[in-house]
Amino acid sequence: MRRLLPATDVPGAPPSGTLPETAAEVDLDLLYAYPPEVVDAGRPWLRANMVSSLDGAAQADDGLSAGLSSPADKRIFGVLRALADVVLVGASTVRAEGYRPAKPQAAYAAARTAAGRPPVPVIAIVTRSLELDFTTPLFTEAEVPTVVLTGPECDPDRLAAARKTADVVIAGEPGATGVDMGAAVDALAARGWTRLLTEGGPHLLGQLLAADRLDELCLALGPLMLGGAATRITNGPSPDVPRRMELRTLLEEDGFLFARYVRNPTG
Ligand SMILES: NC(=O)c1ccc[n+]([C@@H]2O[C@H](COP(=O)([O-])OP(=O)(O)OC[C@H]3O[C@@H](n4cnc5c(N)ncnc54)[C@H](OP(=O)(O)O)[C@@H]3O)[C@@H](O)[C@H]2O)c1
């Protein structure tokens with residue numbers, strides 16, 4: 001793995017002019033650290049981690065994202081999970097990709113526990129329908145109870161079923177079946193989970209963007225031209241004004257680019 005940007009020094013990183021050339025020298029924990037001045041002050045920082053083909057597809061031919069990924073993408077995926085308090089994911093991605101509970105990672109679990117955090121991030125699923133299989137390991141074998149985020153007017157029978165195995169959070173306007181994304185982010189932060197990571201999918205990310213709650217995008221761009229009609233990494237309402245982002249870091253391995261963009265504070 002090569003670090004292409006920043007070319008200037010960042011705290012703790014090797015001096016410019018001696019950019020690291022090997023994976024061992026790229027400190028992913030440092031490059032992807034959440035901003036302590038935000039998260040330690042009790043405010044949420046929402047990061048998205050998405051992968052795209054070179055021509056903008058968010059799904060491979062089989063409709064899933066795994067075919068777009070690479071070993072380096074999987075390493076970064078693991079680091080981002082290890083740094084997060086909660087992984088926010090749309091119910092369609094959970095169903096399509098057969099989500100399982102997060103696994104403790106030996107390199108991080110002890111440090112997380114020592115800091116008073118659970119060894120793994122909580123998985124938090126956004127759903128209107130509550131059409132989830134509550135008998136699967138995602139609910140029955142999670143180290144920390146899986147959260148289900150839904151709206152106030154959800155189906156009462158399904159809500160009762162969810163409450164038997166999941167930690168249910170209602171986050172929406174009175175009378176709505178859908179989740180209000182701002183309320184959802186704030187509800188998670190109110191529990192002390194300020195390091196937020198969303199793994200999509202595109203519908204969820206589009207709504208987080210429209211609600212102007214996206215602080216950071218970690219985008220893996222794979223060297224594939226897929227064609228076809230796959231969606232982009234966002235698929236939903238447009239924000240009132242386009243969200244401007246700033247490039248902070250750029251890594252490369254095997255032709256894949258790993259860019260980290262944060263919101264431009266002026267717009
Ligand atoms: N390229 C990537 O990085 C990437 C990442 C993730 C996923 N994917 C791919 O993307 C596809 C799935 O993405 P998707 O965009 O179709 O779906 P998604 O964003 O994963 O999930 C959409 C679902 O989330 C729930 N939802 C969304 N907004 C809601 C709201 N405001 N209130 C309540 N519930 C809400 C609904 O669940 P209910 O239907 O239960 O009501 C909705 O059907 C899969 O093929 C997956 O492989 C790609």
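Just follow the structure's listing: the first ligand is 1, and inside any ligand the first atom is 1. What you see is a predicted model; the values in this text were computed from it and never measured.
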Within a radius of less than 6.0 Å around CG of D240, do more than 12 heavy atoms belonging to other residues, nucleotides or ligands occur?
no

Which atom pair, heavy atoms only, marks the closest approach of Y34 to L83?
CE1-O, 3.6 Å

Restricting to salt bridge (Lys or Arg N to Asp or Glu O under 4.0 Å), what partner residues turn up for [X], sequence neighbours left out?
{"X": "D180", "result": "none"}
{"X": "D167", "result": "R191"}
{"X": "E153", "result": "none"}

Flag this pair as yes if the NZ/CZ of R248 is under 6.0 angstrom from the six-membered ring centre of Y261 and inside a 45 degree cone about the axis; otherwise no.
no

Heavy-atom cut-off of under 4.0 Å around ligand 1: list whichever protein residues fall inside it, by chain and number.
M50, V51, A58, Q59, G63, L64, S65, G90, A91, S92, T93, R95, E97, V126, T127, R128, S129, G178, V179, M181, E199, G201, P202, H203, L204, Q207

